[in-house]
2 protein chains.
Amino acid sequence: MTYTSQHPPFAVTVDIVLLTIRDDRLCALVVRRGSPPYEGRLALPGGFVEVDENLETAATRELAEETAVQVKAVHLEQLASYGEPDRDPRMRTVSVAWLAIAPDLPDPTAGTDAAEAQWVPVGNLLDDGDALAFDHRQILTHGVERAQAKLEYSTVGTAFCGAEFTVAELRHVYEVVWGRRLDPGNFHRKVTGAEGFVVETGERAGGRSGRPAQLYRRGPADLLHPPLTRTSFHAVE
Amino acid sequence: MTYTSQHPPFAVTVDIVLLTIRDDRLCALVVRRGSPPYEGRLALPGGFVEVDENLETAATRELAEETAVQVKAVHLEQLASYGEPDRDPRMRTVSVAWLAIAPDLPDPTAGTDAAEAQWVPVGNLLDDGDALAFDHRQILTHGVERAQAKLEYSTVGTAFCGAEFTVAELRHVYEVVWGRRLDPGNFHRKVTGAEGFVVETGERAGGRSGRPAQLYRRGPADLLHPPLTRTSFHAVE
DNA sequence: CCAAAAGTGTTCTTACTACACCCATGG
DNA sequence: CCATGGGTGTAGTAAGAACACTTTTGG
């Protein structure tokens, strides 16, 4: 380790890909930039890491500041770091990106730091190559891919749901994130059969029509054995 | 994005978990530190990112400087970033860690920057909680786990082999990294049957004893469908 | 009683494990 | 011809896909 030569100063930021599901679409929280560079453009929430703060704390702090909603029980994991020399025209920055997942939250309240925050379908953000500032399109792409992959072998899908949910709601999460329909019967068996994925609450959901569904809470497991394979899982239609 | 307040200066480094297989053991390249902090202790190769250099370039540069061996065709991927405020007593640093995989290389030559570099079995490094400087034990753990996981669903295992290799050599990679014996027959079928994993060269290896094996080169595929599952794969003995 | 969604049963097919067995070479 | 590792065959088993079918509610 040649910790000997010069140490050029960097600014270190965190950027957060916060995903949720709204109106049958996978959405990300974005903020409208109020100052240059990229003034007026959308960007992922984030900001500078403070001097005595670790990286995860910086991510949760920025999330709280810009979301202005009690973000409880969100899933948060590190994605990757981005450090192209020209990624921010003002200075040399390295951004540590995070993936966060939350259930559908109320709209960010006006009159706060989050006044300019909004939920936008990721499809809209990714289709337009210039919708997002900086290299945030690449970061968002990475975040979505990570979320899609993790649904296969982990239980993070439950992070998109509230504290109590039905198997159909969880299936809806998978269908929206993966962009494909799944067989309800097989999905039910896999989810309820996977050790520690979900646990019954004993209560039933007040359904709109049809037989009311059993309510579940997330279970203790983080990983799924065996996984719900995206490639081979049965798609309906 | 509140890119408005102060931007505390950080030093940004890269640290590399370079893995190879030597003498039936998974080994990592480490260097002996010649100056404080942690003087005399082992550390992962790495160093400061330069002003006009992107992160991956910094990783390859440090690898070349400290290895002093033509590191061609190594696999290189970003692992994660580490930024605890106290991880380096001298200053606030964020380290972007990388996982590199290479075939068994000659020993680092003396008389170069890499004079203090050496291959050490990861077991030795991880068993002694104080063998490595900084938070490098955590980074190494993360790198090993990533490598173990990636053998399942990707073709990176071939990065441990030379340009041409036998199925048995590749199986040996899996056995060492996973720490378990695999059934030779089933492994052979999976590897040769997986689309794009390996391609025959038509030549045969000059075996020490027994029937000489077919030689293969790595194929074009990066991902394996279906994966070689670590959990369900047959272990011999 | 009908529609609709929840949940279960069942068949077909695929893929993997375990292990037997043959192949090809060196000593 | 024997030991050794390379490679193939194959029976038994586990798991998933597809889809029929039953259950339980609201209208």
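This is a predicted model, so every value here is computed, not measured. Every chain is numbered from 1, with letters handed out A, B, ... down the list of sequences.
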A.B. asks: Can you check the A:Arg189 CZ to C:dT11 C1' distance for me, whole Å?
C.D. replies: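 Interatomic distance, CZ of A:Arg189 to C1' of C:dT11: 12 Å.
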A.B. asks: Hey, is the side chain of B:His188 poking within less than 4.0 Å of OP1 or OP2 on D:dG6, counting only N and O atoms?
C.D. replies: no
A.B. asks: What integer distance in Å separates A:His225:NE2 from D:dG16:P?
C.D. replies: 13 Å
A.B. asks: To the nearest Å, how far apart are B:Arg211 CZ and D:dT8 P?
C.D. replies: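 Computing the B:Arg211:CZ to D:dT8:P distance gives 7 Å.
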A.B. asks: Given D:dG6, D:dG5, C:dC19, which nucleotide is nearest the side-chain atoms of B:Ser209?
C.D. replies: D:dG5
A.B. asks: Out of C:dA6, C:dA24, C:dG9, which has the shortest distance to the side chain of B:Pro212?
C.D. replies: C:dA24
A.B. asks: Of the candidate nucleotides D:dG16, D:dG6, C:dC16, which contains the atom at the shortest distance from the side chain of B:Pro226?
C.D. replies: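 Of the candidates, C:dC16 comes closest.
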A.B. asks: Can you check the B:Asp183 CG to D:dG7 C1' distance for me, whole Å?
C.D. replies: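 Nearest whole value for this atom pair: 11 Å.
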A.B. asks: B:Leu224 has an atom CG; how far is it from atom P of C:dC16, in whole Å?
C.D. replies: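 My rounded result for the distance is 11 Å.
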A.B. asks: How close or far is atom P of C:dA6 from atom NZ of A:Lys190, stated in whole angstroms?
C.D. replies: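 To the nearest whole Å, that distance equals 19 Å.
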A.B. asks: For a quick check, tell me whether the side chain of B:Arg171 and the base of D:dG5 share a donor-acceptor pair closer than 3.5 Å.
C.D. replies: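 When only heavy-atom distances are counted, B:Arg171 does not reach the base of D:dG5 through any donor-acceptor pair under 3.5 Å.
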A.B. asks: Side chain of B:Val167 only, please: which of D:dG7, D:dG16, C:dC16 is the nearest?
C.D. replies: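 Minimum distance to the B:Val167 side chain belongs to D:dG7.
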A.B. asks: Would you say the rings of B:Tyr174 and B:Phe187 are close, in the sense that their centroids are separated by under 6.0 Å?
C.D. replies: yes
A.B. asks: Are more than 12 heavy atoms, taken from residues, nucleotides or ligands other than A:Arg204, located less than 6.0 Å from that residue's CZ atom?
C.D. replies: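 Yes, because the 6.0 Å sphere around CZ of A:Arg204 holds more than 12 heavy atoms from other groups.
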A.B. asks: Check the distance between C:dA5's C1' and A:Glu169's CD and give it to me in whole angstrom.
C.D. replies: 13 Å
A.B. asks: Could you work out which one of C:dA6, D:dG6, C:dC19 sits closest to the side chain of B:Ala213?
C.D. replies: D:dG6
A.B. asks: C:dG7 C1' sits how many Å from A:Glu200 CD, rounded?
C.D. replies: 11 Å
